[in-house]
Amino acid sequence: MAELIKGETGAWEVVLGLEIHCQVTSNAKLFSGAATEFGAAPNSQVSFVDAAMPGMLPVINEYCVEQAVRTGLGLNAKINLTSVFERKNYFYADLPQGYQISQQEIPVVGEGEIEIDLADGSTKMIGIERLHLEQDAGKSLHDQHPSKSFVDLNRSGTALMEIVSKPDMRSSEEVVAYVNKIRAIVRYLGTCDGNMDEGSMRADVNVSVRKPGDELGTRCEIKNMNSVRFIQQAIEYEARRQIEIIENGGKVDQETRLFDTSTGETRTMRSKEDAHDYRYFPDPDLLPLVLDQKWVDNINDNLPELPDAKKHRFIGDFGMSHYDASVLVADKPRAEYFEQVVEGRNPKLAVTWVTTELMGALNKADKDISESPVSAKQLGGLVSLIEDDTISGRIAKDVFAEMFETGKDADTIVEKKGLKQVTDTGAIEAIVDEVLKENPDMVEQYKSGKDKLFGFFVGQVMKKSQGKANPAMVNQLLKSKLS
Amino acid sequence: MTITTTNPERSDDALVTIDKETVAKVAKLARIKITEAEQEKFAGELTGIMNWIEQLSEVDTDGVEPLTSVVDVTLHQRKDEITDGDIRDKVLSNAPEAQEGFFVVPKVVE
């Protein structure tokens, strides 16, 4: 579903690839025993290894290795039983070693692929090039002093998984869907918290443009994006910029660019001339990482159900649309909530009440599903009341609004307010008779062929019953009385 | 980087030549300041070193796995436990400048 951009000289295709950095949810760092918790006092979570004191040696954290492998399996990727750590050399104030320990030639995870869900209900497969483990750098603050930078090494040495996609995406929508799917996968696996605000998930976006069918164009890399909305804006700006350059007879320079959130534009960070020459070489302090196939198989056998599998199960078991299923599985707590609501109940009702009513109310209140004032058990209770005809769908909306506000059970509210649906034929018949008696003219007109008046009678009966009459029974009774 | 092999069949000629420009580039990447004269000197020395190492290529290593250790050990792994850190003052004790728990360095903005 390539979305083409119209330029002066015709349609252009934008080609996109992503490098996503995911911080591993470990207690300690990749090569040291210092803590990784976010928001600690500066330099309080730094060991001599992280500060690169002479003579300190890295020792790898087995948990981080396991999480990288689990993530790789979640991306349907090949696991390399032997992988090698290398030094990526560059100088920067927040990189005390003067190199980052990373993986270049042989990463722990090789090629894989994932499915992304698009707004029109279609899906697309996106290739994964690799996943490798590496150290994060420290953090520099540039706004504390006019001529100095402040450096905090708490993040230095924290384990990152860098997930590199193939250049398979063709629109910002696909990129957003890809980021969301990667985030969902790592959250289901629990290998990364996927929190973009706190920087535990960040993306570099590679953008190039070409005429459909042409060779790949020269790409620019937009660094360090930490919001889906900014990624989308950056891609749209950058694609336009490149098209304009080429259409004016120019050439796109391969370079690293930054997205300026205040202007919505990208600008040069460093050009090819001073591009980094990282001089990778195997880290002499670390032996190759060798994994046992049985150990990998064991991890694979114990993976939780992942978003795509869950999505296909929802579609198959509950007959829901692809779109509804993808919305439900996009967030693990949301999927779990739904599974509680649907348990033993009508799937159609459960889907509507979770995706439309509950999510609508949560959005309005700016709340996450984990903060929902209505628990899954409570919403299930409400759905049951609709299912067994205790209340009508219309009354249910009022009950839900009150549940959302007060946190009370549906039963309690229905009981206290006397909202039970009237299903007693005699009682409904009495109201129907009353309505027909009060509106002789209308009855006359209806009988002489004005079919549309039927709705009027239904409305009157419902009004008189304060919305409590069972609508199906009202219809049935009216039909027989008016014929 | 220009490393030129003049004669793959090894003779008494120099096999590898490291020129002045390469020396200047490597020095820049390593943030080492060297003078013109030193560039000349190091070009000669490095060429000598490279050629000495180049002798290794005489050995046929086809089908031989790279040796990563002379003893039979695998990469030692550590449990995911917090065993270190919380030594801010020690970490900062050699810093030329520190303030409010941060290292302080000349402003670096890209």
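Only heavy atoms go into these numbers, but all of them, side chains included; no hydrogens, no water, no symmetry mates. Lettering follows sequence order; numbering is per chain, from 1.
With a 4.5 Å cut-off on non-hydrogen atoms, A:A35 touches chain B through its backbone and its side chain both. For A:P284, no part lies near chain B; criterion is any non-hydrogen pair under 4.5 Å. Interface residue B:Q99: backbone and side-chain heavy atoms are both found under 4.5 Å from chain A. If you measure heavy-atom distances from A:L30 to chain B, the contacts under 4.5 Å come from the backbone alone. Using a 4.5 Å cut-off between heavy atoms, A:S32 touches chain B through its backbone atoms (N, CA, C, O) alone.
The backbone N or O of A:T268 sits nowhere less than 3.5 Å from a side-chain atom of A:E255 that would complete a donor-acceptor pair.
Enclosure of atom CD in A:Q293 by more than 12 non-hydrogen atoms of other residues, nucleotides or ligands within 6.0 angstrom is indicated.
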Derivation and outcome, salt bridge (charged side-chain N to carboxylate O under 4.0 Å, His left out), residues A:K88 and A:E86 = CA-CA 6 Å; A:K88 178 181 181 177; A:E86 301 197 41; over 6 Å; no
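Taking the six-membered ring where tryptophan is involved, the planes of A:F85 and A:F31 are perpendicular, since the angle between them exceeds 60° and thus also 30°.
Between chain A and the options B:V73, B:T83, B:I87, B:I82, the largest number of non-hydrogen pairs under 4.5 Å is found for B:I82.
Side-chain rings of A:Y237 and A:F230 stay apart, their centers remaining 6.0 Å or farther from each other.
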